[in-house]
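Data first, discussion second: the structure below is written as structure tokens.
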Amino acid sequence: METVSTDVVIVGAGGAGLRAAIALAETAPTLRIALISKVYPMRSHTCAAEGGAAGVIKPDDSFDFHFHDTVGGGDWLSDQDCVEYFIHEAPKELLQLEHWGCPWNREADGSVAVRPFGGMKKQRTWFAADKSGFHILHTLFQTSLQFPSITRFDEYFGLDLLMHDGRCRGITAMEMRSGELRQFHAKAVIIAGGGAGRMFPFSTNGAIKTGDGIAMAYRAGAPLKDMEFVQYHPTGLPNTGSLLTEACRGEGGILTNKHGRRYLQDYGMGPETPVGKPQLKTMELGPRDRLSQAYWHELQKGNTVSTQWGECVLLDMRHLGAKKIRERLPLVHELAESYLGVDIIKDPVPIRPVVHYMMGGISTNTAAATPLPGLFAAGECACVSLNGANRLGSNSLVELLVFGRRAALSAIDYLQTVPALDASSLNAAADTTRQRIEALYNRNDGVESMSGLRREMMDTMEKNVGIYRNEAGLQEGVNKIHELRARYTRVKLTDRSRVFNTDLFQILELGSMLDCAEAVTVGALARRESRGAHQRLDYVDRDDTNFLRHTMVHRQGADLPRVDYLDVVITRSPPGVRDYSGDHK
Ligand SMILES: Cc1cc2nc3c(=O)[nH]c(=O)nc-3n(C[C@H](O)[C@H](O)[C@H](O)COP(=O)(O)OP(=O)(O)OC[C@H]3O[C@@H](n4cnc5c(N)ncnc54)[C@H](O)[C@@H]3O)c2cc1C
């Protein structure tokens, strides 16, 4: 197996991976950086982000407001020292992007424009029309090109971390176009592999979001934190799951049921405000968990609209007018037209909640370090404990920047302390990957089909770990995922060729998703309370006495994982009531 020697490996070239690469190259120009991605960087999911990125910039806003919105939005499961660091770094990062060329929308006076976003009580979401992620990723990508110390390995599929004496010393990966394996030897690894929403059948996530980075760390012994918190976004297209950004509501769109009622007023989201007037009360700008849960209740009450794509509610933007829609929401206009044949200028568009984001991930501290020396993680694959039990829209894109950079700085500090290593001592670890792949190619008793197992996994996740959960359903979910993991050891590789073998990649991705699904189901069963995105019909209240703590799931090979807990860091905001009935300016 060919060896690539480098100083730092980054797995993932989305927002978090590119930001980390730039920070490494700028701060320590002599370091060799290997940037590995299973797709061309601009195809990373960050590119699909629409609505925008949050950072305090306007005079009527303050760090205190951003702090309290984030902590309350996360139902007090966020680590408050982490939130503190984040809110102060956020505007610096967004201005840095501006200097690198990101075309933020402007106010008439030329200053940066912001829009309202769910759960944010002040306007602080910077945006570039409804293509913010595209512009952010483009800016990062083109900036990264100026650093010769960054070597890109596009279309390389990262497989296993190389561990030695308890330290992470590199990774194995497959060059996808040839099927050849490589071992990357490094002093530190930063995982920026993105989320795992694809373990659910109905998701806004790109097909590549299969949690490979999360699973890689989990298999190597890193704990996964708060995995049971899976975010449903309230407004997805009912047939494809494509996202209609929260900016639809930020710009003034309203949600109605089959009686034409703005039903959110019945769920503690404030009194109705006149349509077309500035949003004075929270209503449609409540947080995502609350809005998705309100949909579920409307469904139980029979208040949803039956459409050819199933039960829905309606997102009405007609009153915004053609000019504003074309200027501020051009992608939304196009998506609704292309996929449903609905012109949002003339008609309301049917929508329903859709799996969108993982609050949980590889456990890191505020310095983006995992408990495994030499292993760092940032972006959606990590749980730095910024988002707690429910992420606020537009905090994630900034999280990539703030903690991508932070992971790089932490890795640079760590490099000073790493002992030298004879390269041959990693060969045995790398050979484990080779054996795993060859076993798939050589197996003649494979009986399980990849797509069959994947379907069963997705159905289980939707049925048992959806918006509302209960003990019996979760226990069934844990058992089923455990069974699927066992059956996965007999999965059949149908295509035995070596060149760009998509059958093989999908099998590997399924393995990653099953690992993630295990942590989600086990964590959700153990958490007997309702908090943020984790809502249980049998434990309807938040239980701060027993569960104001992070779930930590530790892999135990083929057995069920071990669960323990970590205290939440509370600095200045004791747990309180989440109130979304007040003013929203
Ligand atoms: C449709 C949509 C709209 C969104 N809108 C917003 C928004 O407006 N505001 C906001 O704040 N957030 C938004 N989000 C959330 C946010 O965009 C994501 O959380 C964020 O972009 C994730 O970035 P990342 O860098 O962690 O991962 P990604 O951008 O997903 O990148 C992951 C990288 O890892 C690589 N990778 C994965 N597995 C492997 C492997 N095995 N080997 C090698 N490489 C691998 C991939 O190739 C890719 O380069 C949105 C999300 C979606 C899905």
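It should be emphasised that the depicted structure is a prediction, and the values quoted were computed from it without experimental measurement. Both counts, for ligands and for their atoms, begin at 1 and track the order of listing.
- By the criterion of a heavy-atom distance under 4.0 Å, the backbone of Ala192, and not its side chain, is placed next to ligand 1.
- Close contacts between ligand 1 and Ala16 involve ligand atoms 25 (O) [criterion: under 4.0 Å to a heavy atom].
- Put simply, CD on Glu89 and NZ on Lys92 are 4.0 Å apart, with the number rounded to the nearest 0.5 Å.
- To the nearest 0.5 angstrom, Met358 atom CE is 12.0 Å from Asn387 atom CG.
- The shortest N/O to N/O separation between Asn205 and ligand 1 does not fall below 3.5 Å.
- Qualifying salt bridge (charged side-chain N to carboxylate O under 4.0 Å, His left out) partners for Lys38, counting only residues two or more places apart in sequence or in other chains: Asp212, Glu509.
- Residue contacts with ligand 1 include Gly52, since one or more of its heavy atoms lies under 4.0 Å from the ligand.
- For atom 27 (O) of ligand 1, the closest non-hydrogen atom of the protein is Gly194 CA, 3.4 Å.
- Here the heavy atom of the protein found nearest to atom 52 (C) of ligand 1 is His45 NE2, 2.6 Å.
- Judged purely by distance below 3.5 Å, without hydrogens or angles, the side chains of Asn395 and Thr70 pair a donor atom with an acceptor atom.
- Of all the listed residues (Glu380, His233, Arg391, Glu399), Glu380 holds the heavy atom that lies closest to atom 19 (O) of ligand 1.
- In this structure the side chain of Arg454 reaches within 4.5 angstrom of the side chain of Met458, judged on heavy atoms.
- Considering backbone and side-chain N/O atoms, Gly379 never comes within less than 3.5 Å of an N/O atom of ligand 1.
- Shown here is Tyr339, whose OH atom has no more than 12 heavy atoms of other residues, nucleotides or ligands within 6.0 Å.
- Contacts between Asn395 and ligand 1 below 4.0 angstrom, taking non-hydrogen atoms only, involve the backbone exclusively.
- Ring planes of Phe153 and Tyr156: perpendicular class, angle over 60° (limits at 30 and 60°).
- A donor-acceptor pair shorter than 3.5 Å cannot be found between the side chains of Gln96 and Arg405.
- No N or O atom of Ala49 sits closer than 3.5 Å to an N or O atom of ligand 1.
- For ligand 1, none of its N or O atoms has an N or O atom of Ala48 under 3.5 Å away.
- The ring pair (Phe, Tyr, Trp, His ring centres under 6.0 Å) search around Tyr40 returns Phe141, not counting sequence neighbours.
- The shell of residues lying under 4.0 angstrom from ligand 1, judged by heavy atoms, excludes Arg43.
- Where the criterion is an N or O separation shorter than 3.5 Å, residue side chain and backbone included, Gly51 meets it with respect to ligand 1.
- Ion pairing between a basic and an acidic side chain is recognised when a charged N comes within 4.0 Å of a carboxylate O; Glu93 and Arg19 show such pairing.
- Of the inter-residue distances, the one linking Met216 atom CE with Asp515 atom CG reads 11.0 Å to the nearest 0.5 angstrom.
- Residue Ile208 has no N or O atom closer than 3.5 Å to an N or O atom of ligand 1.
- With a heavy-atom cut-off of 4.0 Å, Val39 touches ligand 1 through backbone and side chain alike.
- Of all the heavy atoms of Tyr357, the ones lying under 4.0 Å from any atom of ligand 1 belong exclusively to the side chain.
- An N or O contact shorter than 3.5 Å links Asp212 to ligand 1 by distance.
- Using a 3.5 Å distance cut-off with no hydrogens or angles, the side chains of His356 and Thr204 do pair a donor with an acceptor.
- The distance from ligand 1 to the heavy atoms of Ser394 drops below 4.0 Å at these ligand atoms: 9 (N), 10 (C), 11 (O).
- In terms of protein heavy-atom proximity, atom 3 (C) of ligand 1 is closest to Leu243 CD2, 3.3 Å.
- With a 4.0 Å heavy-atom cut-off, ligand 1 is reached by the backbone of Leu397 and by its side chain too.
- Residues His534 and Asp289 bring no donor and acceptor atom of their side chains to less than 3.5 Å of each other.
- Polar contact with ligand 1: present for Lys38 (N/O pair, distance under 3.5 Å).
- Between Arg219 and Glu518 there is no salt bridge, since no side-chain nitrogen of the basic residue lies less than 4.0 Å from a carboxylate oxygen of the acidic one.
- In this model, a donor atom of one side chain and an acceptor atom of the other lie less than 3.5 Å apart for Gln183 and His185.
- Judged by the shortest distance from any of its heavy atoms, Ala13 lies inside the 4.0 Å radius around the atoms of ligand 1.
- Protein heavy atom in closest approach to atom 42 (N) of ligand 1: Gly158 N, 2.7 Å.
- Among all non-hydrogen protein atoms, the one lying nearest atom 47 (O) of ligand 1 is Ser37 OG, 2.7 Å.
- Under a 4.0 Å N-O distance rule, the pair Glu155/Arg177 does not qualify as a salt bridge.
- Ring planes of Phe403 and Phe86: parallel class, angle under 30° (limits at 30 and 60°).
- Near Thr204, meaning under 4.0 Å from any of its heavy atoms, are these atoms of ligand 1: 53 (C).
- Considering backbone and side-chain atoms together, Gly15 places an N or O closer than 3.5 Å to an N or O of ligand 1.
- Residue, atom and distance of the protein heavy atom nearest to atom 48 (C) of ligand 1 are Ser44 OG, 3.3 Å.
- Remark: ligand 1 atoms within the under-4.0 Å shell around heavy atoms of Gly14 are 25 (O), 29 (O), 31 (O), 33 (C), 49 (O).
- Using a 4.0 Å cutoff on heavy atoms, Tyr156 counts as a contact of ligand 1.
- Considering only non-hydrogen protein atoms, atom 24 (P) of ligand 1 sits nearest to Leu400 CD2, 3.7 Å.
- The backbone and the side chain of Thr46 each have at least one atom closer than 4.0 Å to an atom of ligand 1 (non-hydrogen atoms only).
- The nearest heavy-atom contact from the protein to atom 35 (C) of ligand 1 is Gly12 CA, 3.5 Å.
- Looking only at distances, a side-chain donor or acceptor of Thr235 sits under 3.5 Å from a matching main-chain atom of Leu244.
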